[in-house]
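Note that the numbering runs from 1 along the sequence shown for the chain. The analysis underlying the following values was restricted to heavy atoms, covering all of them including side chains, and did not include hydrogens, waters or symmetry mates.
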Amino acid sequence: MDDQIQRMKVLGAGIFSLVLALGVARFAYTPLLPLMQAQAGLGLAEGGWLAAINYAGYLTGALTAASISDLVLKDRLFRIGMVVAVLTTVMMGLTTDFWVWALSRYLAGLASAASMLLGTGLILNWLIRHNHRSELGIHFAGIGLGIAGCSVAVALMSQWLDWREQWFVFTAIACVLLVPALAWLPAPDTSAVTRTGAPMHDNPPSTLFMRVFMASYFCAGVGFVVSATFIVAIVNRLPGLEGQGSWSFLAIGLAAVPACIVWDFIARRTGALNALILAAVLQIVGILLPVVMGGMVGAIAGALLFGGTFVGMVSLVLTMAGRYYPTRPAKMMGKMTISYGVAQILGPAVTGWLGATFGSYAGGLYFAAAMMVLGTVLLVLLKLVEGRDARAAKLAPTV
């Protein structure tokens, strides 16, 4: 019983860290953006630049995580990142200076990478060492809770508070989240065995497997960022849905809360790669529904499918990374996230160009869906590579 309580506290630390770093520090900016443009003098171009700077900070964090093997250093940087998440939130309300906002968004990107990669790696390492299932579904519920919670909070607070006061309320929330995020995560165990004495060995995949895997995850990154960035604007421009885009963003968050747990169960039955392929196919449908079906039903159905799959794919990929590298999971997680992060920088740029060329963001959704189709084909190819590697391993002479 004590072990199960400790497990829930460790997973709780992960949930609170994700709500803090991704929900408050990173994604609260999305629903607050229109308010800042209306009240704080933030221009359309500057708003886009701040989002890009945030992605750049996240990518920098991924590069850092991929280069670190020392568990103690990862733990220290994770804890620093959680404090930085609080500080970057209060920075947004203290000024109207664009460069201070830019610094805040860059540091918030670093903090979100600390939670998403370093924190996730530490938690997965703890689960494996204590002979628990190496699954992250409960942990990654924090992403959906953060997105949905921030959407609801802004909708409620906007009736009484201005943009600056809302950032200060989010800062108070961040201070509360910080306590369990730090207190419930134990110091890392650096021994080479699990709690029962079983040795922990890394089992890295082949070079070809990694290349195909990273390429498919790049495609998933494009599919994610285009919908996540432009879904509100796209829905707002659909006939009869003016001003209703925020409901789609809320639906994405609500669908993301249980999604990772559901995909863990699916992966147990089908295998991780088959689950990834199924999630990718459903995400393609979710991306296209708002423009193909139209109306509020199409918009909400698409948002639910998108929210229920994108975070599930992230969870499955990072869980696979931890299984390949149980002693240093953040290393492969960082490499995969670099591929995903580059896509998050290129995707909006291409979508913006398509929007300017064709007069709407609908072309961006078709572009995202096409990239997801390519990514799905690569995942099918990955199954063939995995089978080839397994046969080669059986034929290899034992030493």
| Going by heavy atoms in the side chains, are Leu374 and Phe218 under 4.5 Å from each other? |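 No, side chains not in contact.
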| Residue among Leu77, Asp75, Leu71 satisfying side-chain contact (heavy atoms from CB on, under 4.5 Å) with Leu73 | Leu77
Work out which heavy atom in [X] is nearest to a heavy atom in [Y]; give both atom names and the distance.
X      : Y      : answer
Leu316 : Trp263 : CD2-O, 4.0 Å
Leu365 : Leu288 : O-CD2, 4.2 Å
Gly14  : Ser17  : O-OG, 2.8 Å

Can you tell me how far the [atom1] atom of [X] sits from the [atom2] atom of [Y], to the nearest 0.5 Å?
X      : Y      : atom1 : atom2 : result
Met92  : Leu32  : CE    : CG    : 8.0 Å
His139 : Asp264 : NE2   : CG    : 11.5 Å
Glu165 : Thr171 : CD    : OG1   : 12.5 Å
Leu122 : Leu117 : CG    : CG    : 11.0 Å
Leu208 : Met210 : CG    : CE    : 11.0 Å

| Would a line drawn from the ring center of Phe98 to the ring center of Trp49 be shorter than 6.0 Å? |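 Ring-ring flag for Phe98/Trp49: false, centres at least 6.0 Å apart.
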Check whether any side-chain N or O of [X] sits under 3.5 Å from a backbone N or O of [Y] as a donor-acceptor pair, and report yes or no.
X      : Y      : answer
Gln37  : Gly47  : no
Ser216 : Gly375 : no
Arg26  : Ala21  : no
Ser315 : Gly312 : no

Show the atom names and distances, to 0.1 Å, of all donor-acceptor pairs under 3.5 Å that link a side chain in residues 102-110 to residues at least two apart or in another chain.
{"residue": "Ser104", "atom": "OG", "partner": "Thr88", "partner atom": "O", "Å": "2.7"}
{"residue": "Arg105", "atom": "NH1", "partner": "Ala25", "partner atom": "O", "Å": "2.8"}
{"residue": "Arg105", "atom": "NH2", "partner": "Ala25", "partner atom": "O", "Å": "3.2"}
{"residue": "Tyr106", "atom": "OH", "partner": "Thr60", "partner atom": "OG1", "Å": "3.0"}

| Within 6.0 angstrom of Arg79 CZ, more than 12 heavy atoms from elsewhere |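 Yes, because the 6.0 Å sphere around CZ of Arg79 holds more than 12 heavy atoms from other groups.
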| Quick one: do Tyr29 and Val169 end up in the same hydrophobic cluster if we chain Ile, Leu, Val, Met, Phe, Trp and Tyr together by side-chain heavy atoms under 4.5 Å apart? | yes
| Sequence-distant partners of Phe306, ring-ring contact (aromatic ring centres under 6.0 Å, His included), two or more places apart | Phe310
| Partners passing side-chain contact (heavy atoms from CB on, under 4.5 Å) against Val152 (at least two apart in sequence or in another chain) | Leu156, Leu250
| query | With Lys383, which residues qualify under side chain to side chain donor-acceptor pair (under 3.5 Å), at least two apart? | reply | Asn274
| request: Just jot down the side chain to side chain donor-acceptor pair (under 3.5 Å) partners of Ser206, sequence neighbours excluded, or say none. | output: Asp389
| task | Could you tell me which residues satisfy salt bridge (Lys or Arg N to Asp or Glu O under 4.0 Å) with Arg7, sequence neighbours excluded, listed by chain and number? | result |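 Arg7: no salt bridge (Lys or Arg N to Asp or Glu O under 4.0 Å) contacts found.
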| request: Using the side-chain contact (heavy atoms from CB on, under 4.5 Å) rule, take Thr120 and Phe140 through it: C-alpha gap first, then chi angles, then the decisive distance, then the call. | output: CA-CA 9 Å; Thr120 296; Phe140 278 118; 3.8 Å; yes
| query | Which of parallel (below 30°), tilted (30 to 60°) and perpendicular (above 60°) describes Phe213 and Phe209? | reply |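 Rings of Phe213 and Phe209: perpendicular, as their planes differ by over 60°.
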| said: Check the orientation of Tyr340 and Tyr217. Use parallel for under 30°, tilted for 30 to 60°, and perpendicular for over 60°. | reply: parallel
| query | Can you check side-chain contact (heavy atoms from CB on, under 4.5 Å) on Arg268 and Phe265, steps first, answer last? | reply | CA-CA 5 Å; Arg268 285 184 205 174; Phe265 282 116; 3.4 Å; yes
